[in-house]
Amino acid sequence: MSRAAKACAVVLAGLLCGDAGVAAVIDDAALSNAQDGSNWPAFGRTFSEDHYSPLSQINEGNVRRLGLAWSLSLDVSNSITAPLEVDGVIYLGAGHGVVYAADARTGRQLWRYDAKAPQAAGKKLRVAWGIRGIAFWQGRVYTGTTDGRLIALNASDGTIAWSVQTVDPNNGYTITGAPRAFNGKIIIGFSGEDFGAVRGYVSAYDAQTGKLDWRFYLVPGKPGTRDGAASDSVMDMAARTWTGQWWQRGGGGAAWNSITYDPDYNRLYIGTGNGDPMNWKIRSPGGGDNLFIASIVALDADTGHYVWHYQTTPGDSWDYDAATDMTLATLNIGGRPHKVLLDAPKNGFFYVIDRENGKLLSADKLGTVTWADHVDLATGRPVLAPGAKYQNKSIVLWPSFQAVHHWIPQSYSPQTGLMYEPTLEMPAEFGDTGVNIHDFHPKAYTPEATGLSLGAGDVPADAGRSVLKAWDPIARRVRWQVETPGVSNGGTLATAGNLVIQGLADGYLHTYSARDGKDLWSFYAGVAVTGVPITYSVAGRQYVTITAGPLGGSTAAFGSISARFGWDPRIHPRRLLTFVLDGNAMLPPTPPPRPAVPLEAPHFQVDAAKAAAGAHEYPRCVLCHGMGVVAGGIAPDLRASPVVLSPQAFAHIVHDGGLLVRGMPQFPELGPDQLDDLRHFIRQKARSDLAAVAH
């Protein structure tokens, strides 16, 4: 047994033993130590969430010697996630609530825990692609699950220390983001504001016992109701920025991704999501800023009490979340150092905010932005473009609801002073044509919906483009940029070796010069490399680890723009890949990319009336199987599926839940006629697409 494996098998004083036999205490001191790059114990490595490592053994001078050390196959549906490393052991949360531990030097799996989340999730499984990361604190690994549980596992063997349900099991709330650890607490939010009545909140639990310590609601509830003395006055203040009866629809503002702890001020910064429903005429018909949607909210870390907020998109009407990465840094601005928060939310601006008081220091367009002309630095508010809130008619705006920068992590190098941002250039049409805003029912925007236009049309392969940008937050401009393929690329990692590392949707992992963007090295992984890279040191050697697999997340629903790369979840693997200087391991045999080819199936006689009815049922399927019935990677392309040809097999999977354990939701509400209608719609689409190719 290797020393790292022995380390995983021994617990001393409740702490995981390290490679040298000395327990590594992952606590506030360790997570504040920016100079120790030996471990990667948190989502962004340290509390600063900068995704930066001071390690330089792998550097621009020798990176061409980087090679594969090992790979580990993952039996999960989604692998776009961030691993951790502590004392020579890799911990990875993937799928809907599966956690792995592996030897960092050999890739040997040490243990695997499965929360059985798909079986527990019910309808929640329809609106969640999986978790994005986990947390580590004093010998325990903490993971969320799709069904809303927060689970503490003993790092030594993967056994459960405790488990708590953080949300109502019967509503649309689901965990997708990574928990964070601080001050002996674990904090978690949830997602789901696009799919039913959701009122966002964050919850802090005791890391040792799982007992709820405090909870902070991110939008106000029904007037006259109390959420607790800690937040009553704040909720009263927030309620004055809403109109109508928003509480009947939830309000939104879920903290589905970004949470950052600041040890300098003992505060938490919570990035919040869009309003629910997104259309402001329904959510808050009299207008208003609708606090605290699309905001950064600062809370006292011990009590959860409100400290300050900054709203990036007041009265958000475009799904411009502020739930993307928040990085903490100290910048010299105006001749003196400022402790700042760096944020590039979905609305397309890059913000520099004073952490002490929430004051806006700068805001500049990171990409193409047309919904607002600029941000007024005196008021901190965006100056909207004419018609941006679609008062009278629909309007095409940049960016789309997929953002200029989405949740995929940015990285910041204190060595270069640059932020490395994965960005997207794509517009979208915003409006409410065909929506009865006066007789709106929340269920109409859930995956139980029928009759929606969602999913009717494909998204062309050339509908958008992506760019890796090196942004200077002091000079407030792009220093260099690199065109990247598609719209679904991975997070970035910056290192003291003057490197920026990013995996791409076309199957390549790249390292660039952090100073000028020169492409220094690449590796073909045989499948999309869209995970979040980390680096660490074990026994004197620096390693780089990242996940790979067919495209997942929200862009999987976008049809041809994601399907263009040919990753098929039925044949292409999900893997954990690790690299080291002079590594010479070989990948297992991997099928080449295979763009979906619709089945001909001439014996299947399409009934046009049934196909028309099936088009009203298909919106239930679009989040995984794609708009226009063109799958982007996380689920099979139904046009090419033989299952659709068999009414019995189709019913077994869709109605009975035959593939539930693999992440395919169950739809027991669909009767035989509805299932048959779906089959005819899918076959009609397959046949028309075949005919289009033939011509």
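Both backbone and side-chain heavy atoms feed into the values below; hydrogens, waters and symmetry mates do not.
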(message) Given 3.5 Å as the limit, does a donor-acceptor pair link the side chain of D354 with the main chain of E356, or not?
(response) yes
(message) Would the distance check show the side chain of S79 and the main-chain N or O of A548 forming a donor-acceptor pair, the cut-off being under 3.5 Å?
(response) yes
(message) Y536 and ring pair (Phe, Tyr, Trp, His ring centres under 6.0 Å): which single residue from Y91, W40, Y543 fits?
(response) Y543
(message) Please tell me whether H305 and F216 form a close aromatic pair, meaning their ring centres lie under 6.0 Å apart.
(response) no
(request) Mind running side chain to side chain contact (heavy atoms under 4.5 Å, CB included) on F523 and L66 for me, showing each step along the way? (result) CA-CA 9 Å; F523 174 88; L66 202 61; over 6 Å; no
(request) Identify the heavy atoms of P337 and T330 that sit nearest to each other, and give their distance. (result) CB-CG2, 3.9 Å
(message) To the nearest 0.5 Å, what is the distance between CD1 on I534 and OG on S53?
(response) 10.0 Å
(request) Would you name the heavy atoms of A204 and L212 that are closest together and state the gap between them? (result) O-CD1, 3.5 Å
(message) Ignoring hydrogens, what is the shortest heavy-atom contact between Q502 and G490? Give both atom names and the distance.
(response) NE2-O, 2.9 Å
(request) Identify which one of H51, E49, Q410 satisfies the side chain to side chain donor-acceptor pair (under 3.5 Å) criterion when paired with T327. (result) Q410
(message) To check you understand the geometry: which heavy-atom pair defines the closest contact between V580 and Q542, and what is its length?
(response) CG2-O, 3.4 Å
(message) Under a 3.5 Å distance rule, please check whether T260 uses its side chain to pair with a backbone N or O of M326 as donor and acceptor.
(response) yes
(request) Sequence neighbours left out, what passes salt bridge (charged side-chain N to carboxylate O under 4.0 Å, His left out) with E85? Give chain and number order. (result) none
(message) Just to verify, which of Y412, F349, F350, Y351 counts as forming a ring pair (Phe, Tyr, Trp, His ring centres under 6.0 Å) with W471?
(response) F350
(message) Looking at every non-hydrogen atom in both residues, tell me the closest pair between A514 and W480 and how far apart they are.
(response) O-NE1, 3.2 Å
(message) I'd like to know if the side chain of S295 reaches the main chain of I293, judged simply by a donor and an acceptor atom lying under 3.5 Å from each other, with no hydrogens or angles considered.
(response) yes
(message) Could you check whether any side-chain N or O of R199 sits under 3.5 Å from a backbone N or O of V219, counting only pairs where one atom can act as donor and the other as acceptor?
(response) yes
(request) Please list, chain by chain and in numerical order, all residues satisfying side chain to side chain contact (heavy atoms under 4.5 Å, CB included) with D114, sequence neighbours excluded. (result) V98, R112, K116
(message) Please identify which of these residues, W137, Y261, Y269, meets the ring pair (Phe, Tyr, Trp, His ring centres under 6.0 Å) condition with F182.
(response) Y261
(request) Answer yes or no: is there an ion pair linking R477 with D472, defined by an N-O contact shorter than 4.0 Å? (result) no
(message) Any salt bridge linking D206 with K211? Criterion: basic side-chain nitrogen under 4.0 Å from a carboxylate oxygen.
(response) no
(request) Supply the atom-to-atom distance I546 CD1 to I80 CD1, rounded to the nearest 0.5 angstrom. (result) 10.5 Å
(request) State whether the side chain of R574 and the backbone N or O of V76 hold a donor-acceptor pair below 3.5 Å, judged by distance alone. (result) yes
(message) Using every non-hydrogen atom in the two residues, find where S413 and Y420 come nearest and quote the distance to one decimal.
(response) CB-CE1, 3.9 Å
(request) Check the pair F190, T166 against side chain to side chain contact (heavy atoms under 4.5 Å, CB included), reporting the backbone distance first and the verdict last. (result) CA-CA 9 Å; F190 59 85; T166 70; 5.7 Å; no
(request) Using distance alone, with no hydrogens and no angle criterion, decide if T545 and T578 have a side-chain donor and acceptor under 3.5 Å apart. (result) yes
(message) Could you tell me if N59 and S56 have a donor-acceptor pair between their side chains, going purely by distance under 3.5 Å?
(response) no
(message) Looking only at the aromatic ring of each residue, does the gap between the centers of W308 and Y265 stay below 6.0 angstrom?
(response) no
(request) Could you tell me which residues satisfy ring pair (Phe, Tyr, Trp, His ring centres under 6.0 Å) with H510, sequence neighbours excluded, listed by chain and number? (result) Y512
(request) Give, for atom CD of Q165 and atom CD1 of I151, the distance between the pair rounded to the nearest 0.5 Å. (result) 9.5 Å
(message) Please check: side-chain N/O of T272 versus main-chain N/O of A294, any donor-acceptor pairing under 3.5 Å?
(response) yes
(message) Ring centres under 6.0 Å, that's the criterion: do F292 and Y217 meet it?
(response) no
(request) Indicate yes or no for a side-chain donor-acceptor contact from S537 to the backbone of S38 under 3.5 Å, with no hydrogens or angles considered. (result) no
(request) Taking N257 for its side chain and A323 for its backbone only, find out whether a donor-acceptor pair lies under 3.5 Å. (result) yes
(message) Can a donor-acceptor pair be found, under 3.5 Å and without considering hydrogens, that links the side chain of D157 to the backbone of T159?
(response) yes
